[in-house]
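Okay, here's the structure, questions in a sec.
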Amino acid sequence: MKSLINRLKKQDKKIAVAESCTGGLISKMITDTPGASAVFNMAVTTYSNEAKTKLLDVSPETLKNHGAVSEQTAREMASGILALAESDIAVAVTGIAGPSNDGSQKPVGTVCIGVATKEKCYATTFVFAGSRAQIRRMTAKMALNMAYSELGPSKRAPFRTKSKKRDTIKNGAGKAVKKTKNAIGKLIKKDK
């Protein structure tokens, strides 16, 4: 996390976060790091569809046609928090952390992460394996790694975690994606 904050400081950029399934975990991870106040602008936890529409300007048609857990919604959440916070980069997460699904055909562990900057906005779908807590933790780490990668090329993702038996994610975004693909067998999709 320190590397993300240092990189944002060096580039004189601010980050904002919109969370749904992680319920504030990404914000906590950022603000647990000393010096975060220099780069962390704001966060919102929009758990309900009404909150996504009211606070982040997510279109009701998007929610109706694609659902809350969709790349379309994640993109609109990311662009919504970017505009609301007047930040340089924003991440947004929406997903199904479990233990049961949301009544849709999407499996538990389906997560859409949106990233927005002033130049672009995209979303990626992941299917993580594990408990509710593990899915939320992996989602938060992946969102932060994606934000970090938008700040320019780097040899490694900022989030390296010590291997824990209960963790599906091991070291950085690349291995997390590979591990997820092996565990679930679903291709991770990116929509620009």
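Along the sequence shown, residues carry numbers from 1. Given the structure is predicted, the values throughout are model-derived calculations rather than measurements. In what follows, every heavy atom counts, from backbone to side chain, and hydrogens, waters and symmetry copies are set aside.
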Separation between SG of Cys112 and NZ of Lys106, rounded to the nearest 0.5 Å: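 Atom-to-atom, Cys112:SG and Lys106:NZ are 6.5 Å apart.
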Ile96 CD1 to Ile135 CD1 distance, which is reported to the nearest 0.5 Å: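 The CD1 atom of Ile135 is 9.5 Å from CD1 of Ile96, to the nearest 0.5 Å.
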Co-membership, hydrophobic cluster, residues Phe128 and Leu144, 4.5 Å side-chain: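 Yes; Leu144 is reachable from Phe128 via cluster members.
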Arg75 side chain to Gly114 backbone, donor-acceptor under 3.5 Å: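 The answer is no, because no donor-acceptor pair under 3.5 Å joins these two groups.
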Glu19 (side chain) donor-acceptor with Leu25 (main chain) under 3.5 angstrom: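 Yes; at least one donor-acceptor contact below 3.5 Å.
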Polar side chain donor-acceptor pair, Lys52 to Thr73, under 3.5 angstrom: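 No pair is found: no donor N or O on one side chain lies under 3.5 Å from an acceptor on the other.
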Exam field: side chain Gln11 to backbone Leu151, donor-acceptor pair closer than 3.5 Å: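 Answer holds: yes.
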Transitive ILVMFWY side-chain link Ile15 to Leu82, under 4.5 Å: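 As far as the 4.5 Å side-chain criterion goes, Leu82 and Ile15 are not connected within one cluster.
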Shortest non-hydrogen contact between Ser100 and Val108, atoms and distance: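 Ser100 and Val108 have their closest heavy atoms at C-CG2, 3.6 Å.
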Test item: Phe40 and Leu8 side chains (from C-beta on) under 4.5 Å apart, heavy atoms: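 Side-chain contact under 4.5 Å: no.
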From Thr22 atom OG1 to Met138 atom CE, the distance as rounded to the nearest 0.5 Å: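 Between Thr22 OG1 and Met138 CE, I get 13.0 Å after rounding to 0.5 Å.
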NZ-OG distance between Lys118 and Ser87, expressed to the nearest 0.5 angstrom: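 Taking NZ in Lys118 and OG in Ser87, the distance rounds to 8.0 Å.
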Distance, nearest 0.5 Å, that separates CD1 of Ile5 from OH of Tyr148: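 Going from the CD1 atom of Ile5 to the OH atom of Tyr148 covers 12.0 Å.
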Verify same cluster id: Val115, Met42 (apolar side-chain graph, 4.5 Å):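 Not linked; separate clusters.
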Asp32, CG atom: more than 12 neighbouring heavy atoms under 6.0 Å: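 Yes, because the 6.0 Å sphere around CG of Asp32 holds more than 12 heavy atoms from other groups.
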Distance-only polar pair, side chains of Thr62 and Glu76, donor-acceptor under 3.5 Å: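 Present: a donor and an acceptor within the cut-off.
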Heavy-atom closest contact (Ala97 atom, Arg136 atom, distance):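 In this case the closest contact between Ala97 and Arg136 is CB-CG, 3.8 Å.
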Taking every non-hydrogen atom, the tightest pair across Ala143 and Val91: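 Ala143 and Val91 have their closest heavy atoms at O-CG1, 3.6 Å.
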Short side-chain to backbone donor-acceptor contact, Asn41 and Ala85, under 3.5 Å: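 Answer holds: yes.
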Common cluster, Val93/Leu56, ILVMFWY with side-chain heavy-atom separation under 4.5 Å: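 No, because Val93 and Leu56 fall into different hydrophobic clusters, even though each may have its own neighbours under 4.5 Å.
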Co-membership, hydrophobic cluster, residues Val58 and Leu84, 4.5 Å side-chain: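 Same cluster.
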Nearest non-hydrogen partners of Ser70 and Thr94, listed with the distance: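 Minimum heavy-atom contact is O-CG2, 4.1 Å.
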Thr117 and Lys120, any side-chain heavy atoms less than 4.5 Å apart: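 Yes. Closest side-chain heavy atoms under 4.5 Å.
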Close side-chain approach of Ile81 and Val17, heavy atoms under 4.5 Å: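 The answer is no, as the side chains (C-beta and beyond) never meet within the 4.5 Å cut-off.
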Min side-chain heavy-atom separation Thr139-Phe126 under 4.5 Å: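 In short, these two side chains do not touch, never coming nearer than 4.5 Å.
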For the student: nearest non-hydrogen atoms of Glu71 and Thr124, plus distance: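 Looking at all heavy atoms of both residues, the shortest contact is OE2-C, 3.9 Å.
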Main-chain N/O of Ala36 paired with Lys9 side-chain donor or acceptor, under 3.5 Å: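 Side chain of Lys9 to backbone of Ala36: no pair is present.
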Audit row: Val39, Lys13, side-chain contact (heavy atoms from CB on, under 4.5 Å) steps and yes/no: CA-CA 6 Å; Val39 298; Lys13 291 185 175 178; over 6 Å; no
Distance, nearest 0.5 Å, that separates OG of Ser48 from CG of Leu63: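 Ser48 atom OG to Leu63 atom CG measures 9.5 Å (nearest 0.5 Å).
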Closest heavy-atom pair and its distance - Asn49, Ala68: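 That would be OD1-CB, 3.4 Å.
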Enclosure of Asp57 CG (heavy-atom neighbours >12, cutoff 6.0 Å):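 Counting other residues, nucleotides and ligands, CG of Asp57 stays at 12 neighbours or fewer.
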